[in-house]
A.B. asks: 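Here it is: the structure, laid out below.
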Amino acid sequence: MKVTFWLLEINSEPRDGKAELWLWGIAENGERVLIIDRNFVGYFYAVLAEGFDPAKVADEIRKAHNASIVKLEIAQRKLFGKSVQTLKVYCKNPDEIARLAKALREVEGIEECLEDDVRFTMQYLVSNNVVPCSWHEIDADEAENTLGVRADKIYLAKSTPKLLERHDTPALRILSFAMTCYSREGSPKPDRNPIVIISTATSNGEEKQFLAREDRDDKPLLEQFIGYVKKFDPDVIAGYGTNTTDWPYLKERSSNLGLRLCIDRACTEPHTSVYGHTSLTGIANLDLADFADEFPDIKVKTLPNLADYLGIMKTTQHPIIEDVDFADYWESKQKRETLKTFSSENARRVKGVTAALLDFAIQLSSLVGLPLDHVMTAAVGFRVEWFLIKHAQKIGELAPKRVEQPYRPYAGGIVLKPQAGLHANVAVLDFKSMYPNIMITYNLSPDTYVPPTEQEPPEGTFEAPEVKHRFRKQPAGFYKEVLTYLINTRNEIRTKMKTTDPKSTEYRILDARQKAVKVITNAAYGYAGWTGARWYRKPVAEAASAWGRHTILSAIKMAEQKGLRVIYGDTDSLFVAYEEKKTQELETQIKQELGLEIERDKLYTRIFFTEAKKRYAGLLPDGSLDIVGLEVIRGDWAEVAKKVQEHVLEIILKEQAPNKAADYVRGVIADLRQKKVPFRDLIIWKTLTKPVEEYKIKASHVEAAKALSRKGWKMTVGDKVGYVILAGEGRLYDRVKPYVFATYDEIDAEYYVTKQVVPAAARVLEFFGITEEELLKPQKKESGARSLMDFMHG
DNA sequence: GCGTTCAATGTACCT
DNA sequence: ACAGGTACATTGAACGCG
């Protein structure tokens, strides 16, 4: 019979010395189905050296390794665009692939073995064009559920799933949860600290809370939670920080209490898989902490901050409780209620964030071909890479080996020195997807690269400026094909969106899909220059940036010839004193002469530049402020300084009143000294970028991290450490305390005045003749301050 | 021995 | 574990002084 299903998850299971694939899906009628495919045989390619007879080499191999080999095929493939003769070696047991490939590398006539490093499930997906989070049709027989798995129907595959052209998503059952542990000695340890609360919120609107007993016995809690998950039978389980914290904790805690944490659909325990993430058989396990990385605006990546940022739950209205206070809250009768509320709100936050971001994750998964629960944990480079591998398969290109490459940096984009000060009517002209378009235009790709030793091919080459790397004009290279496909696809989606109701589900999915396509498109250049990439070729990235520099420099020349004043520029953007006609002419000329499109992005009513590059603030016609690079948008400055600088910029850009701004700053300084500024505005956050013991110098955030460590808090690389500066003698790093341990009385207000507020304000005001010293003087000084017109350009 | 100078270190940002 | 270009604060050793 024919079964139409949407692929949620995939895993492989050993069976009789072979392996079968389990495809977990949702059928059109809403049934949860497991399709077992026993027909797929894993393989790898043995690339033949030139001049060897494939048949003879194949015979040799058969003789030596007959037991492990199911089938041997002679296959013509491409490697970096070059035609190669290969033997496709099918192995009975996928576990033997790596071993056999290693053995075959020693065989005479075999140059290299490829794709032996692609995991079995991924090989199945890629080679059959089976795509996660997409619909397929398959010919299958229904089988009895003798496996004890949780599925409405089980089928045995009779054919390969056939991908269908549709992008809708079935209604998924989603379980969101949040967990709270009790510990008096820092980070909870599963061998001694109980889980006291687990809160859940499901997609069907149910909310539950599981509590430890009064004696903090959490065995019943765990049993109830496990039972509840089984009963609800989710397709997706979402949480925050679950891969690193919750799942390992739940697993170890269960085991210590003599319980088995079998909540997945095969009734096995969660297993740690590649990328350090947790897999639940038949269920997509989503850790929203991985999603937080998609939002650079969120500086301190916590669940409440993520939910706040997405407008799901404001931290101002639903206050957070710090980890260090959990034990106290649990022990007090009254506070425990607050903690319980906080916990259920966290489950609700998880639910809200999941609802907001799942569309994107699903579309990214279906675009790059990685299963849903892997795609968000995968680093950007791997997302691009899987997309490329999927595409390579379609055109008979082999996935090259990842080869250890020495890191050799190369020149990047050009940044112009800005014309410092205030400007009115400044337009930003941006090159549209500059690097992808350059790669397409000049056919930059590993397979089109012509090394210096090679002769000029008859079809001719594009030669990059400065670096002189050459690329064949024909045929279209791998990157060119992929990027063209991506750009066309995005345009098609965006065209379709124009005729779709913006409130419809379809529109939402299209928008998520075009975003996913954009992410992959924009990451392709970086991928090409990443030494870890399978398709790494330094000249490709180096040529792209060289052409980028050439392009922007040419554009500047053209602008200036037209009398357009260029105020600033960075890599692919030009800031010009806006003149409509000249700007339009420039757009046309650039399109004609450089073959690249530039578009007018923003038009600033006024814009302020410091002397420094990459730092400015502009006022848009709608009255909003765009602040770039300055302290306001940096996560490692105290909030008090950021607020002051933002307000100063607003006064400057909107009212052009530096003295008013200075008075405002003096007011905040006075508040600070009187301790009227909220404590939370004094916290400084910095990331731990390496293990504490590896630092060569004493740094404030490292000292704060050590203090947390001493109290039992586990500090790991990537953690953000929040600390405050205390009054006292000595080096800064000696006057640091994690904010969760500090009281307001200990604070060194003077530090925040002289090292935070004043420098942040002076960064802007110094251009208007107001120095740090003047800001520190209690009274405003009328004389000497010049009129703003003296600072205005044009 | 003490203050000053400056390269090194570290973080976070921009495109 | 996608690229390079940039600003800035703080540390800590070298430096200068005499």
Side-chain angles (χ1 to χ4, degrees), chain A residues 274-276 293 296-297 299-300 377-385 387-388 402 404-405 407-418 428 430-436 439 519-536 538 540-546 548-549 552 568-575 601 610-616 626-638 641-642 684-690 694-703 717-718 720-721 725 730-736 751 754-756 759-760 762-763:
Chain A
V274 282
Y275 311 121
D293 297 333
D297 288 0
K299 306 299 175 186
V300 184
T377 61
V380 178
F382 293 107
R383 293 180 193 164
V384 174
E385 190 147 283
F387 177 77
L388 294 178
R402 196 182 302 284
E404 198 87 22
Q405 299 275 358
Y407 171 69
R408 285 262 171 272
Y410 60 90
I414 283 180
V415 190
L416 304 183
K417 198 173 177 309
V428 183
D430 276 312
F431 278 93
K432 269 192 192 169
S433 307
M434 186 197 243
Y435 286 139
M439 290 169 80
V519 164
I520 299 300
T521 312
N522 291 342
Y525 155 76
Y527 172 85
W530 171 43
T531 55
R534 288 175 192 258
W535 279 278
Y536 167 73
K538 190 184 154 195
V540 171
E542 199 169 29
S545 74
R549 293 191 295 275
I552 193 98
Y568 178 62
D570 185 348
T571 312
D572 61 355
S573 66
L574 283 183
F575 291 57
D601 183 11
T610 66
E611 302 273 346
K613 298 170 176 180
K614 297 185 186 283
R615 314 187 119 218
Y616 56 87
D626 246 2
I627 302 174
V628 179
L630 292 163
E631 282 72 9
V632 175
I633 46 122
R634 289 186 65 98
D636 57 351
W637 282 72
K642 303 206 287 178
I684 297 166
W685 294 90
K686 275 201 172 86
T687 310
L688 222 46
T689 61
K690 52 186 160 194
E694 281 177 27
Y695 281 85
K696 289 180 184 165
I697 59 171
K698 291 213 171 197
S700 302
H701 68 301
V702 180
E703 293 309 300
V717 174
K720 280 253 197 237
V721 188
I725 306 298
R731 291 293 203 170
L732 196 59
Y733 57 75
D734 285 325
R735 299 193 282 125
V736 151
Y751 172 83
T754 60
K755 296 292 183 177
Q756 292 277 329
R763 193 92 57 215

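Here is the naming used below: chain letters follow the sequence lines, and residue numbers restart at 1 for every chain. Computed from heavy atoms alone, side chains included, the values below leave out hydrogens, waters and symmetry copies.
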A.B. asks: Taking the six-membered ring for Trp, are Trp530(A) and Phe382(A) ring centroids under 6.0 Å apart?
C.D. replies: yes
A.B. asks: Please report the closest heavy-atom contact between Tyr695(A) and Thr687(A), naming both atoms and the distance.
C.D. replies: OH-O, 4.2 Å
A.B. asks: Over all heavy atoms of both residues, which pair between Glu611(A) and Lys417(A) is shortest? Give the atoms and the distance, please.
C.D. replies: OE1-NZ, 3.8 Å
A.B. asks: Give Tyr751(A) one of three labels, base, sugar-phosphate or nothing, depending on what nucleic acid heavy atoms sit under 4.0 Å from its own.
C.D. replies: sugar-phosphate
A.B. asks: From CD of Glu703(A) over to P of dT10(C), roughly how many Å is that when rounded to an integer?
C.D. replies: 15 Å
A.B. asks: Please report, rounded to the nearest Å, how far the P atom of dC2(C) is from the NZ atom of Lys538(A).
C.D. replies: 19 Å
A.B. asks: For Tyr616(A), which contact category applies under a 4.0 Å heavy-atom criterion: base, sugar-phosphate, or nothing?
C.D. replies: sugar-phosphate
A.B. asks: Looking for any heavy atom pair under 4.0 Å, which part of the strands does Arg731(A) touch: base, sugar-phosphate only, or nothing?
C.D. replies: base
A.B. asks: Heavy atoms only, 4.0 Å cut-off, all strands: where does Gly629(A) land among base, sugar-phosphate and nothing?
C.D. replies: sugar-phosphate
A.B. asks: Mind calculating the distance between NZ (Lys642(A)) and P (dC8(C)) to the nearest angstrom?
C.D. replies: 17 Å
A.B. asks: Under 4.0 Å, heavy atoms only, any strand: does Ala411(A) hit a base, just the sugar-phosphate, or nothing?
C.D. replies: sugar-phosphate
A.B. asks: Considering residues, nucleotides and ligands other than Glu694(A), do more than 12 of their heavy atoms fall under 6.0 Å from its CD?
C.D. replies: yes
A.B. asks: Rounded to the nearest angstrom, tell me the gap between atom CG in Leu416(A) and atom P in dC14(B).
C.D. replies: 17 Å
A.B. asks: Output the rounded distance in Å from CH2 (Trp535(A)) to P (dA1(C)).
C.D. replies: 21 Å
A.B. asks: Evaluate whether atom NZ of Lys755(A) has more than 12 neighbouring non-hydrogen atoms of other residues, nucleotides or ligands under 6.0 angstrom away.
C.D. replies: no
A.B. asks: Where the side chain of Val415(A) is defined as all heavy atoms beyond and including C-beta, which of dT6(C), dC14(B), dA7(C) is the nearest nucleotide?
C.D. replies: dT6(C)
A.B. asks: So what does Tyr435(A) touch, heavy atoms closer than 4.0 Å: a base, only the sugar-phosphate, or nothing?
C.D. replies: nothing
A.B. asks: With a 4.0 Å cutoff (strictly under), does any side-chain N or O of Tyr733(A) reach OP1 or OP2 of dG12(C)?
C.D. replies: yes
A.B. asks: For Asp293(A) and dA1(C), what is the distance between atoms CG and C1' respectively, to the nearest whole Å?
C.D. replies: 13 Å
A.B. asks: Is there a side-chain contact between Arg615(A) and the phosphate of dC8(C), meaning an N or O under 4.0 Å from OP1 or OP2?
C.D. replies: yes
A.B. asks: Say whether, by atom type as modelled, one donor and one acceptor occur between the side chain of Gln756(A) and the main chain of Ala638(A) under 3.5 angstrom.
C.D. replies: yes
A.B. asks: Across the strands shown, which category fits Ala523(A) at heavy-atom distances under 4.0 angstrom: base, sugar-phosphate, nothing?
C.D. replies: base
A.B. asks: Kindly point out which of dG4(C), dA1(C), dC8(C) is positioned nearest to the side chain of Pro409(A)?
C.D. replies: dG4(C)
A.B. asks: Determine the contact category for Arg549(A): base if any of its heavy atoms lies under 4.0 Å from a base atom, sugar-phosphate if only primed atoms, P, OP1 or OP2 are that close, otherwise nothing.
C.D. replies: nothing
A.B. asks: Taking NZ, NE, NH1 and NH2 as the nitrogens, is one of them in Asp570(A) or Lys613(A) under 4.0 Å from a carboxylate oxygen of the other?
C.D. replies: no
A.B. asks: Which part of the nucleic acid, if any, lies within contact of Gly526(A), taking any heavy atom under 4.0 Å across all strands shown: a base, the sugar-phosphate backbone alone, or nothing?
C.D. replies: base
A.B. asks: When you measure from the side-chain N and O atoms of Tyr568(A) to the phosphate of dT6(C), is any distance below 4.0 Å, counting only OP1 and OP2?
C.D. replies: no
A.B. asks: Could you state the NZ-P distance from Lys614(A) to dC13(B), rounded to the nearest angstrom?
C.D. replies: 14 Å
A.B. asks: Nearest whole Å is fine: how far is dT6(C) P from Leu630(A) CG?
C.D. replies: 17 Å
A.B. asks: How would nucleotides 6-12 of chain B be written as a contact map, 5' to 3', with B for base contact, S for sugar-phosphate-only contact and - for no contact, using protein heavy atoms under 4.0 Å?
C.D. replies: ---SSBB
A.B. asks: Which nucleotide in the list dA1(C), dA7(C), dC2(C) gets nearest to the side chain of Phe382(A)?
C.D. replies: dA1(C)
A.B. asks: Decide side-chain hydrogen bond (donor to acceptor under 3.5 Å, both in side chains) for Glu385(A) and Tyr527(A); before the verdict, give the C-alpha distance in whole Å, the side-chain angles of both, and the deciding distance to 0.1 Å.
C.D. replies: CA-CA 8 Å; Glu385(A) 190 147 283; Tyr527(A) 172 85; 2.2 Å; yes
A.B. asks: Scan Tyr407(A) against the nucleic acid and name what it touches under 4.0 Å (heavy atoms): base, sugar-phosphate only, or nothing.
C.D. replies: sugar-phosphate
A.B. asks: Would you say Lys698(A) reaches dT11(C)'s phosphate, i.e. side-chain N/O to OP1/OP2 under 4.0 Å?
C.D. replies: no
A.B. asks: If you look at every heavy atom in Thr571(A) and Met434(A), which pair is closest and at what distance?
C.D. replies: O-CE, 3.6 Å
